[in-house]
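Just below is one structure, and these are the notes that go with it.
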2 protein chains.
Amino acid sequence: MAKKSPTHARDTYHVGNLAPLLLDAARALLDQAGPNRLSLRAVSERVGVSPTAAYHHYANRAELLGHLAAQGFRELASALAARDGAGDSHPLRAASLAYFRFARRNPALYQLMFGPELAAGEMLPELRQAREESFGQLKRIIAELLRLDVGTPEVRSAALAGWSWVHGLASLAIHGVLQFPAGASDDHFVDRALQGFEYLFQAGQQPD
Amino acid sequence: MAKKSPTHARDTYHVGNLAPLLLDAARALLDQAGPNRLSLRAVSERVGVSPTAAYHHYANRAELLGHLAAQGFRELASALAARDGAGDSHPLRAASLAYFRFARRNPALYQLMFGPELAAGEMLPELRQAREESFGQLKRIIAELLRLDVGTPEVRSAALAGWSWVHGLASLAIHGVLQFPAGASDDHFVDRALQGFEYLFQAGQQPD
DNA sequence: ACCTGAACACCGTTCAAGT
DNA sequence: ACCTGAACACCGTTCAAGT
């Protein structure tokens with residue numbers, strides 16, 4: 001007869017490679033509980049291991065979260081590389097849509113990737129690298145669009161602009177700031193913002 | 001002789017209007033410790049009051065944070081209304097600069113305003129209203145720029161675009177994602193992104 | 001009406017001890 | 001080498017009790 005059966009009881013000693021198991025459990029917990037209430041203890045319990053076992057694989061909570069975020073940036077980079085579901089629309093639209101879809105499908109992960117949890121303190125090298133990979137993918141797309149070399153100031157500025165607006169849109173959408181018609185699809189958000197930029201910068205170019 | 005002097009000892013019973021004192025202390029703690037480690041207990045201790053006193057003025061931690069964020073949105077709205085320090089530059093640049101400066105001067109508050117802490121659960125009516133006030137101010141500026149009425153679809157789309165990009169830029173800057181030359185001023189970020197949009201949408205308009 | 005103290009169920013993290 | 005359990009210093013929150 002079990003003792004107390006805390007949802008995921010532990011009756012044996014140890015398992016094999018705990019590190020990835022912890023990461024998977026953290027990812028699952030993240031999606032269902034949000035970035036704030038993701039506790040190391042809850043992750044450990046979900047795996048069926050003692051509350052302190054994680055410290056033999058990750059320095060602390062921040063490092064586990066860092067690996068999780070790094071995983072997110074890698075997924076984002078490959079989502080950008082694939083650019084599914086945009087048909088044969090304009091490359092800028094296709095890339096924006098791919099980015100936005102990733103964010104909306106993984107809201108908690110996305111919040112973690114850009115949230116205050118990781119902004120403080122030293123950054124995991126793996127995370128920094130994965131983030132660069134994401135941004136690099138974005139720059140490559142924009143370089144192709146501008147028919148310029150990656151690394152030119154034009155591409156860098158355009159990438160900054162592009163990343164800013166699509167990240168901002170994703171962030172606002174996830175946060176629930178944007179009140180849209182109930183069944184608003186991802187395409188609606190992106191297309192509406194793109195159209196908004198036309199209005200905005202047409203007005204910016206005509207003299208006062 | 002004091003007992004243990006925990007930095008801010010409490011020797012008397014109660015004070016006057018605790019609510020604003022707690023809010024001020026929370027604001028101060030927020031700036032120096034970040035949005036995550038802002039604990040109700042630390043706030044109470046800073047004011048010199050018992051750890052549970054706050055519950056007679058705020059339902060819980062989330063509500064206090066909500067009031068703090070609402071305060072932030074009100075400040076943002078008036079920063080947008082004032083638009084100081086942009087000289088007589090283009091109205092879009094002036095507004096963007098005002099927004100961006102607010103975010104960079106109050107990074108922790110800004111992270112709280114758009115962070116995951118508030119996204120979950122019910123939202124404080126005061127917070128919702130303050131946020132609408134901020135967004136309304138933005139829409140008014142854009143309506144003036146487009147010489148259209150606030151509430152037209154053009155203005156709404158353009159406001160969505162404008163808010164997205166400037167929020168995205170602020171968010172990326174605060175998060176430390178953007179690696180800029182050491183002494184990069186607020187103007188640099190904004191101007192560079194604005195220039196980036198020109199490259200981006202010029203390329204978008206010429207045919208393939 | 002407002003504040004306190006004890007208490008409960010949680011946290012992250014350290015450390016000696018077990019296997 | 002890897003994992004556990006006890007322990008410490010923290011949390012948010014509830015509740016009976018004090019003023």
Side-chain angles (χ1 to χ4, degrees), chain A residues 3-23 25-26 29-30 32-68 112 116-118 120-122 124, chain B residues 3-23 25-26 29-30 32-68 112 116-118 120-122 124:
Chain A
K3 298 179 175 184
K4 290 171 66 182
S5 79
T7 316
H8 289 85
R10 166 175 75 252
D11 24 39
T12 161
Y13 186 67
H14 113 291
V15 224
N17 47 348
L18 237 185
L21 288 180
L22 287 166
L23 215 54
L29 256 176
L30 179 64
Q32 87 179 55
N36 304 316
R37 289 184 347 217
L38 179 59
S39 81
L40 224 49
R41 290 178 106 111
V43 170
S44 303
E45 203 219 332
R46 180 178 252 263
V47 173
V49 95
S50 97
T52 62
Y55 287 90
H56 297 273
H57 302 271
Y58 302 99
N60 47 35
R61 178 176 184 271
E63 190 176 300
L64 196 159
L65 261 49
H67 281 280
L68 210 54
L112 176 69
E117 309 250 22
L118 299 175
E122 289 304 297
L124 207 61
Chain B
K3 297 179 175 183
K4 292 170 65 181
S5 77
T7 315
H8 289 85
R10 165 174 74 252
D11 24 40
T12 159
Y13 186 68
H14 104 292
V15 225
N17 47 347
L18 238 186
L21 289 181
L22 288 166
L23 214 55
L29 256 177
L30 179 65
Q32 87 178 57
N36 303 316
R37 291 187 343 220
L38 179 59
S39 81
L40 224 48
R41 290 178 106 112
V43 171
S44 302
E45 203 220 332
R46 180 179 252 263
V47 172
V49 95
S50 97
T52 61
Y55 287 90
H56 297 274
H57 302 272
Y58 302 99
N60 48 35
R61 179 176 184 271
E63 190 176 299
L64 195 159
L65 261 49
H67 281 279
L68 211 54
L112 176 68
E117 309 249 25
L118 300 175
E122 288 304 297
L124 207 61

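Below, all heavy atoms of this structure are taken into account, side chains as well, without hydrogens, waters or symmetry copies. Labels below follow one simple rule: chain letters A, B, ... track the order of the sequence lines, proteins then strands, and each chain is numbered from 1. All of these numbers come straight from a predicted model, not from anything done at the bench.
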A/Glu45 has an atom CD; how far is it from atom P of C/dG12, in whole Å? 12 Å
Sub-3.5 Å pairs of nitrogen or oxygen atoms, protein against nucleotides 6-10 of chain D:
none

Sub-4.5 Å side-chain heavy-atom contact between B/Glu63 and B/Asn60: yes
Heavy-atom side-chain contact between B/Leu30 and B/Pro35 under 4.5 Å: yes
Can you confirm whether B/His67 sits close enough to B/Leu23 that some side-chain heavy atom of one is under 4.5 Å from a side-chain heavy atom of the other? yes
Separation of A/Leu40 CG from A/Thr52 OG1 (nearest 0.5 Å): 9.5 Å
Going by number, which of residues 54-65 of chain A have a non-hydrogen atom under 4.0 Å from DNA chain D? A/His56, A/His57
Looking at OG of A/Ser39 and CD of A/Glu45, how far apart are the two atoms once the value is rounded to the nearest 0.5 Å? 9.0 Å
Under a cut-off of 3.5 Å for both distances of each Watson-Crick or G-U pair, what dot-bracket string does DNA chain C give, using [ ] for crossing pairs and | for inter-strand pairs? ||.|||||...|||||.||
Using modelled atom types only, decide if a donor and an acceptor are shared between the side chain of A/Tyr58 and the backbone of A/Ala19 within a distance under 3.5 Å. yes
Heavy-atom check, side chain of B/Asn17 versus side chain of B/His57, under 4.5 Å: no
Rounded distance [0.5 Å steps], CG in B/Leu22 versus CG in B/Leu68: 11.0 Å
Grab the CG-P distance between B/Leu18 and C/dA1 for me, whole Å please. 17 Å
Tell me if a side-chain donor or acceptor on B/Arg61 pairs with a main-chain N or O of B/Leu38 at a distance below 3.5 Å. yes
Atom pair distance, as rounded to whole Å: CZ in A/Arg46 and C1' in C/dC11: 18 Å
Tell me whether B/Glu122 at atom CD has more than 12 heavy atoms from other residues, nucleotides or ligands lying less than 6.0 Å away. no
